[in-house]
There are 2 protein chains.
Amino acid sequence: MPKTMTKSAQDYLKRIYELTECGLPASTNDLARELEIKPASVTGMIQKLAAEKPALVEYQKHQGVTLTPAGKRAALEVIRHHRLLETWLVQTLGYSWDEVHEEAERLEHVISEDFERRIAAALGNPTRDPHGELIPTEDLKMPVDDSTPLSALRPNQSATIQRVISQDPNLLRHLNSLGLTPGVQIEITDYSSFDNNLTVKVGRKSNVLGLNITTKIFVEIE
Amino acid sequence: MPKTMTKSAQDYLKRIYELTECGLPASTNDLARELEIKPASVTGMIQKLAAEKPALVEYQKHQGVTLTPAGKRAALEVIRHHRLLETWLVQTLGYSWDEVHEEAERLEHVISEDFERRIAAALGNPTRDPHGELIPTEDLKMPVDDSTPLSALRPNQSATIQRVISQDPNLLRHLNSLGLTPGVQIEITDYSSFDNNLTVKVGRKSNVLGLNITTKIFVEIE
DNA sequence: AAATATATTTAGTCAAGACTAAATTTTAGA
DNA sequence: TCTAAAATTTAGTCTTGACTAAATATATTT
Ligand SMILES: [Mn+2]
Ligand SMILES: [Mn+2]
Ligand SMILES: [Mn+2]
Ligand SMILES: [Mn+2]
């Protein structure tokens, strides 16, 4: 593995991991948008990552990038740091799930492997972070997630919320106020085919949720 | 205050603070040694810090540097981070006092003010770190330390260890094994004027300590 | 199949922060 | 006080990772 890894390289690899989870290469433009870096700069960094020995990304001009095994390991290392940190900020310092992302984004690059092991052990080797995202294992395998988007459910189905994919603090606070957080049981009571709204019952309260929300909540059907 | 502050600038300011505690300006060479950076590079950075608006250091060629009020505030902010982090790593993650310095050295630059407040509160606003160093207050005042170097004590004097100024893990482990840690009561039973060795009683054990050690332990005389 | 629009890459620039080698002070010794 | 040593600064270079503007390749329309 490459001796040192800059914060920048780590952030690129992490984003490439996320963008290629669907199986397709990550495009320069998508990466640029996610990283908030101009496309020209992204091309430059991609070429550098591809030139490392061993290569961290597989790159062909105009065809996007994918991670090599070494790049994937590096990405999973950062993602493990990030998700353990978020979990730990929530559990031990009383952060709420909408406050942890930014902090973890900076800490993830500087903690030691020792620190990583200590917080993992202190938390009891958790498998999911506060948003329900799976935490890569210590040997850097990403567990498989078999959850379904809430948007795919229909009336009379029951489910448990597994994860919420959003880093938008406002949305997270909103969902929290509705009681829509990982672990919570829900039931679908209505569906409108016109706007794809779902009526979701949590406890004794019901809420009508649009696609913008239901595609971001993933559940396990019962 | 300057908008952003790089890790480098923070490390420079922290070292300048430490080197100027005695009242004298910090020399280029001393800074270079402490920072493990070549003197020529130190000159360059000093000039940059002096040119900031507001200036962070007072600098006259060949005369060394001192901190301006703004530079001192920035230094104390980093030192507060460092010492709170060390305390917290020891208290909540089971680090020993010889393991925390390196980790804190990296974390100190990336934690938010929110994080700082949270760990300070969780620790009960501690006044000293695991080495007994005073922690700057939230409003960035450095408490005064009235402790005496152990080397100044003579037979029949009793004292309590306040702080140990060393970042050398080997020395710290050695002192730990001798029971010479902050808070511990000691008594001087012998002194040799030839080599300045002191015989120090801790509990029921006695140890003969040379100047290399006795100048690094600070005590409160009883 | 052109023509246009979009995406991507190249070329050249910049700032930060380090380094080496050479020049210049300052300090200390004889 | 003059000289040699030590400390410090200057000048010029390098790497990293950004940026803009311009060139080129790919995709989408007509
Ligand atoms: Mn996150
Ligand atoms: Mn990050
Ligand atoms: Mn320390
Ligand atoms: Mn540091």
Side-chain angles (χ1 to χ4, degrees), chain A residues 1-16 19-20 22 24-53 55-66 71 74-75 78 105-106 108-110, chain B residues 1-16 19-20 22 24-53 55-66 71 74-75 78 105-106 108-110:
Chain A
M1 46 227 84
K3 46 255 79 199
T4 41
M5 178 85 69
T6 65
K7 168 198 170 333
S8 275
Q10 290 180 340
D11 279 337
Y12 274 87
L13 294 172
K14 191 171 59 159
R15 298 305 180 177
I16 295 170
L19 289 171
T20 55
C22 62
L24 299 171
S27 76
T28 302
N29 260 9
D30 287 353
L31 263 173
R33 183 174 25 74
E34 292 294 316
L35 291 163
E36 300 182 89
I37 285 172
K38 293 289 178 290
S41 308
V42 170
T43 298
M45 177 61 95
I46 282 173
Q47 291 174 343
K48 203 165 341 186
L49 295 174
E52 294 271 336
K53 296 196 302 194
L56 298 168
V57 301
E58 175 76 32
Y59 167 63
Q60 307 220 99
K61 276 177 195 173
H62 298 278
Q63 307 305 133
V65 275
T66 56
V78 183
E105 197 65 40
R106 281 174 282 110
E108 64 188 5
H109 307 291
V110 305
Chain B
M1 45 227 83
K3 46 258 70 210
T4 40
M5 178 85 68
T6 65
K7 168 198 172 328
S8 275
Q10 290 180 339
D11 279 336
Y12 274 87
L13 295 172
K14 190 170 60 158
R15 298 304 180 179
I16 295 169
L19 289 170
T20 56
C22 62
L24 299 170
S27 76
T28 300
N29 260 8
D30 287 353
L31 262 174
R33 183 173 27 72
E34 292 293 317
L35 290 163
E36 300 182 89
I37 286 172
K38 294 288 179 290
S41 308
V42 171
T43 299
M45 177 61 94
I46 283 173
Q47 291 173 342
K48 202 162 347 186
L49 294 173
E52 294 271 337
K53 295 196 303 193
L56 298 168
V57 301
E58 176 75 33
Y59 167 64
Q60 307 219 98
K61 276 178 198 173
H62 299 278
Q63 306 306 133
V65 275
T66 54
V78 182
E105 197 65 40
R106 282 173 281 111
E108 65 188 5
H109 307 292
V110 304

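Numbers restart at 1 for each chain; the letters A, B, ... are given by sequence-line order, proteins then strands. Below, all heavy atoms of this structure are taken into account, side chains as well, without hydrogens, waters or symmetry copies. The shown structure was predicted, so the numbers you read here are calculated from the model rather than taken from an experiment.
Note that the CD1 atom of B:I37 and the CE atom of B:M45 stand 7.0 Å from one another [nearest 0.5 Å]. Within the model, atoms NZ of A:K38 and OG1 of A:T28 stand 14.5 Å from one another, a figure rounded to the nearest 0.5 Å. Here B:H109 contributes atom NE2 and B:S8 contributes atom OG; the two are 8.5 Å apart, rounded to the nearest 0.5 Å. In this structure, CG in A:L56 is found 11.0 Å from CD in A:Q10, a value given to the nearest 0.5 Å.
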Residues A:E34, A:K14; criterion salt bridge (charged side-chain N to carboxylate O under 4.0 Å, His left out); working and verdict: CA-CA 11 Å; A:E34 292 294 316; A:K14 191 171 59 159; over 6 Å; no

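Regarding A:L49, its CG atom lies at a distance of 10 Å from the P atom of D:dA18, rounded to whole Å. Taking atom CZ of A:R33 as the reference point, atom P of C:dT6 lies 16 Å away to the nearest angstrom. Between the C1' atom of D:dA7 and the CG atom of B:L31 lies a distance of 13 Å, rounded to the nearest Å.
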Every protein N/O lying under 3.5 Å from an N/O of nucleotides 8-14 of chain D:
from	atom 1	to	atom 2	distance (Å)
D:dT8	OP2	B:N29	N	2.7
D:dT9	OP1	B:Y59	OH	2.4
D:dT9	OP1	B:H62	N	2.9
D:dT9	OP2	B:T28	OG1	2.8
D:dT9	OP2	B:T43	OG1	2.8
D:dT9	O5'	B:Y59	OH	3.4
D:dT10	OP1	B:K61	NZ	2.5
D:dT10	OP2	B:Q47	NE2	2.6

List, with names and distances, any nitrogen or oxygen atoms from the protein found under 3.5 Å away from nitrogen or oxygen atoms belonging to nucleotides 14-17 of chain C.
from	atom 1	to	atom 2	distance (Å)
C:dG17	OP1	B:T6	OG1	2.5

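Closest approach of A:S41 and A:Y12 over heavy atoms only: O-OH, 3.9 Å. Annotation for B:A74 and B:L13: closest pair CB-CD1, 3.8 Å, computed over non-hydrogen atoms.
Of the charged side-chain nitrogens involved, none lies within less than 4.0 Å of a carboxylate oxygen, so that B:D11 and B:R15 do not count as a salt-bridged pair.
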